[in-house]
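In listed order, ligands and their atoms are each counted from 1.
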Amino acid sequence: MALGRGGSMWLSLAVVLCMSLAGSASEIKVGFYSDSCPKAEDIVKEELDKAFKANAGIGADFLRLHFHDCFVRGCEASILVDSTKGNIAEKDAPPNETFEDEVFDGIDSIKKRLEAACKRTVSCADIIAFAARDSIVHYGGKYYSVPSGRKDGRKSIAKETVDLPPPTFNLTQLTTLFYSKGLNRDDLVTLSGAHTIGVAHCPAFADRLYNYSGTLKGDPSLDSGYAKKLKRECPPGNTVTEVDMDPQSPLTFDSSFYKAVTTHRGLFTSDQSLMSTDETSNKVSQYAKNPNLFKKKFAASMVKMGKIGVLTGKQGTVRANCRVINYS
Ligand code: HEM
Ligand SMILES: *[C@@H]1O[C@H](CO)[C@@H](O)[C@H](O)[C@H]1NC(C)=O
Ligand SMILES: *[C@@H]1O[C@H](CO)[C@@H](O)[C@H](O)[C@H]1NC(C)=O
Ligand SMILES: *[C@@H]1O[C@H](CO)[C@@H](O)[C@H](O)[C@H]1NC(C)=O
């Protein structure tokens with residue numbers, strides 16, 4: 001009997017050991033750098049604060065960067081890679097990504113300091129995840145602990161940006177895409193709230209002003225006063241002007257995106273489509289009334305998004321320069 005108990009004990013020990021080994025190869029965790037680079041998150045925040053001083057809106061870019069990174073090939077920093085002679089990278093996918101150079105320069109400054117503090121330790125993918133969280137907090141969103149330990153990938157392919165949703169998508173298309181990334185409809189409604197900060201260029205919504213679904217007229221579901229204002233800012237063919245996505249409070253992480261959507265003032269077709277089913281429109285109304293609920297759920301959905309397709313252990317690398325793939 002004693003032998004039997006010992007046997008099963010060894011068995012369960014082996015099972016636990018296997019599970020933890022598997023875990024270390026596939027899971028990210030809060031505090032991954034607490035021994036190897038204890039100042040990592042402080043350094044990210046210090047450099048971001050400098051970037052905010054130069055450009056108060058830059059945090060919106062950092063937040064969007066995490067989204068674009070995670071949806072294309074997973075959260076493994078493919079978005080940061082520069083094109084080379086033989087390869088057009090994600091960031092140069094046509095139509096051009098609209099990130100400011102400042103955002104990539106900002107990542108470079110963070111990386112430089114991290115390399116000086118702890119060489120080849122903190123991945124570019126984790127830098128993006130920390131910077132997105134700090135940006136949310138900067139604008140008044142809720143702090144959350146970022147699981148880390150992501151490794152950087154070894155590929156960045158322009159064509160793969162088809163995994164990003166265009167602003168013309170309807171709810172069905174958005175839901176299908178988010179499902180394919182492991183995110184559900186609630187995550188979709190919640191993460192869309194990111195559009196409570198930041199700007200968009202006119203082409204992202206010009207169809208709703210001038211030629212909706214080929215009708216040569218505006219989108220009838222867009223509030224007419226808001227449409228008039230947008231037409232003033234975006235005459236036909238304008239590709240350079242940027243408009244605030246949440247004109248009420250463009251630099252505050254609050255519920256006003258949802259209030260706008262409930263009053264036909266969502267900027268994109270994709271934003272407004274959240275009102276097209278009872279299930280999603282109820283959620284929108286809930287968030288419109290309860291900013292703290294929105295912020296709490298947003299933090300949770302960000303953690304979830306930050307786990308899409310992560311590489312850990314030997315699956316990836318830690319780039320010395322976030323723009324350049326290394327094969328070690
Ligand atoms: C649901 C589907 C989504 C669509 C169709 C969409 C589309 C867009 C578009 C077209 C822009 C404007 C780009 C430009 O013209 O410069 C934009 C901006 C932005 N998006 Fe989204 N997005 C989506 C989801 C998300 C998610 C999940 C996040 C983050 C969690 C996010 C964060 C942002 C931010 C912060 C900006 C402003 C960037 C800046 O000010 O530079 N978006 N989005
Ligand atoms: C796209 O980006 C490239 C490189 O940054 C630039 O040379 C080109 O003019 C851009 N194209 C458009 C349509 O903005
Ligand atoms: C969404 O768009 C797709 C593709 O254009 C279309 O087939 C589908 O019917 C649309 N769904 C709704 C609910 O409008
Ligand atoms: C309006 O949209 C339709 C279909 O999207 C397109 O074929 C047509 O060329 C557009 N017309 C103008 C004037 O932009």
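- Between atom OH of residue Tyr226 and atom CZ of residue Arg208 there is a gap of 8.5 Å, rounded to the nearest 0.5 Å.
- Donor-acceptor pairing under 3.5 Å is lacking for the side chains of Asp126 and Ser148.
- Val199 N, 2.8 Å is the protein heavy atom nearest to atom 40 (O) of ligand 1.
- Side-chain atoms of Ser249 and Ser256 include a donor-acceptor pair closer than 3.5 Å.
- For the ligand labelled ligand 1, residue Met245 lies inside the 4.0 Å heavy-atom shell.
- Within the structure, ligand 1 has Phe268 among the residues with a heavy atom less than 4.0 angstrom away.
- Taking SG from Cys322 and NZ from Lys112, the interatomic distance works out to 12.5 Å, rounded to the nearest 0.5 Å.
- Among protein heavy atoms, atom 2 (C) of ligand 1 sits closest to Pro165 CG, 3.5 Å.
- Short contacts between ligand 3 and Thr172, defined as distances under 4.0 Å to a heavy atom of the residue, involve ligand atoms 11 (N), 12 (C), 13 (C).
- Proximity of Pro203 to ligand 1 is not established, as no heavy-atom distance is less than 4.0 Å.
- Close approach of ligand 1 to Leu191 is summarised as follows: ligand atoms under 4.0 Å from at least one heavy atom of the residue are 26 (C), 27 (C).
- Of all atoms in ligand 1, listed by their number and element, those nearer than 4.0 Å to a heavy atom of Asp61 are 39 (C), 41 (O).
- Ile136 and Met245 sit in two unconnected hydrophobic clusters of ILVMFWY residues. Membership requires side-chain heavy atoms under 4.5 Å apart, directly or through other members.
- Heavy atoms of Pro166 found under 4.0 angstrom from ligand 1 belong exclusively to the backbone.
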Between ligand 4 and the protein, which N/O pairs are shorter than 3.5 Å?
residue, atom, partner, partner atom, Å
ligand 4, 2 (O), Asn211, OD1, 3.3
ligand 4, 2 (O), Asn211, ND2, 2.4
ligand 4, 11 (N), Asn211, ND2, 2.8
ligand 4, 14 (O), Asn211, ND2, 3.3

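- Side-chain atoms of Asn290 and Ser255 form no donor-acceptor pair, as typed in the model, at a separation below 3.5 Å.
- Thr121 approaches Tyr33 most closely through the heavy-atom pair O-CE2, 3.2 Å.
- Ring-centre distance between Phe294 and Phe253: below the 6.0 Å cut-off.
- Of the N and O atoms on the side chains of Ser273 and Asn170, not one donor lies less than 3.5 Å from an acceptor on the other residue.
- For Phe178, every heavy-atom contact with ligand 1 shorter than 4.0 Å involves the side chain, none the backbone.
- Side chains of Glu233 and Thr241: no donor on one and acceptor on the other come within 3.5 Å.
- Distance OG1/Thr317 to NZ/Lys151: 8.5 Å, rounded to 0.5 Å.
- Listed by number with element, the atoms of ligand 1 under 4.0 angstrom from any heavy atom of Ser270 are 5 (C).
- Here Phe71 and Phe178 bring their ring centres to under 6.0 angstrom of each other.
- Not a single heavy atom of Phe205 sits under 4.0 Å from any atom of ligand 1.
- Between Tyr139 and Phe52, the angle of the ring planes goes over 60°, which puts this pair in the perpendicular group of the 30/60° scheme.
- Within the 4.0 Å heavy-atom shell around ligand 1 one does not find Leu177.
- Every atom of ligand 1 is numbered from 1 in the order shown, and the set under 4.0 Å from a heavy atom of Leu188 is 1 (C).
- Looking only at protein heavy atoms, the nearest one to atom 16 (O) of ligand 1 is His201 ND1, 2.6 Å.
- Among the candidates Leu188, Leu191, Thr190, the single residue satisfying the side-chain contact (heavy atoms from CB on, under 4.5 Å) test with Leu183 is Leu191.
- Note that the OG1 atom of Thr277 and the CZ atom of Arg185 stand 5.0 Å from one another [nearest 0.5 Å].
- By the 4.0 Å N-to-carboxylate-O rule, Asp134 lies too far from Lys45 to be salt-bridged with it.
- Protein N/O/S atoms closer than 2.8 Å to atom 21 (Fe) of ligand 1: His195 NE2.
- From the protein, the heavy atom lying nearest to atom 35 (C) of ligand 1 is Ala60 O, 3.2 Å.
- Under a cutoff of 6.0 Å and an axis angle of 45°, Lys297 and Tyr287 do not form a cation-pi pair.
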